[in-house]
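The analysis underlying the following values was restricted to heavy atoms, covering all of them including side chains, and did not include hydrogens, waters or symmetry mates.
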Amino acid sequence: MAKHANFLTLYRLEKILKPYCTTMTNWVIRQYGLFKPLADLIRVRLLTWDYLLADATRLQALKENGKLVTSDKWR
């Protein structure tokens with residue numbers, strides 16, 4: 001919940017919950033397996049549309065090659 005409510009990346013959330021890092025990684029892997037069929041169905045459906053609209057949300061970039069830490073990243 002905190003990951004989405006506070007816009008925390010897994011990287012930052014793992015720092016906060018370091019003792020549970022392996023557990024969190026396993027949760028993400030298990031969720032991928034559960035939600036992949038749904039994601040595949042959504043992808044197939046989206047590809048049938050003539051056009052898509054997207055949200056151009058700006059996020060602060062973490063340490064990326066060629067970018068300042070304070071620069072924005074488009075999601």
Side-chain angles (χ1 to χ4, degrees):
M1 178 75 174
K3 177 190 177 340
H4 299 289
N6 298 320
F7 302 102
L8 291 173
T9 61
L10 281 178
Y11 168 79
R12 289 182 179 157
L13 195 55
E14 282 180 350
K15 278 182 129 179
I16 295 167
L17 302 172
K18 188 168 180 130
Y20 307 104
C21 181
T22 302
T23 301
M24 290 174 51
T25 302
N26 289 333
W27 290 344
V28 171
I29 291 168
R30 280 196 303 252
Q31 297 310 310
Y32 170 79
L34 291 173
F35 286 100
K36 187 176 183 325
L38 177 60
D40 291 342
L41 287 172
I42 292 170
R43 181 178 182 274
V44 168
R45 178 67 188 259
L46 291 175
L47 291 175
T48 65
W49 296 352
D50 293 330
Y51 65 92
L52 297 173
L53 298 175
D55 177 19
T57 302
R58 292 176 6 176
L59 301 171
Q60 181 180 8
L62 293 176
K63 198 172 186 179
E64 287 186 47
N65 292 334
K67 287 196 173 218
L68 298 173
V69 176
T70 56
S71 66
D72 286 330
K73 178 178 182 176
W74 294 92
R75 183 175 187 182

Distance check, rounded to the nearest 0.5 Å: [X] atom [atom1] versus [Y] atom [atom2]?
X: Arg43; Y: Lys36; atom1: CZ; atom2: NZ; result: 9.0 Å
X: Ile42; Y: Phe35; atom1: CD1; atom2: CZ; result: 10.0 Å
X: Leu41; Y: Leu46; atom1: CG; atom2: CG; result: 11.0 Å

Taking the side chain as C-beta and beyond, is there a heavy-atom pair between Thr48 and Arg45 under 4.5 Å?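 They are in contact (side-chain heavy atoms under 4.5 Å apart), so the answer is yes.
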Are Leu38 and Trp49 connected, step by step, through hydrophobic side chains (Ile, Leu, Val, Met, Phe, Trp, Tyr) whose heavy atoms are closer than 4.5 Å?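 Yes, because Leu38 and Trp49 connect within a single hydrophobic cluster, where side-chain heavy atoms sit under 4.5 Å apart.
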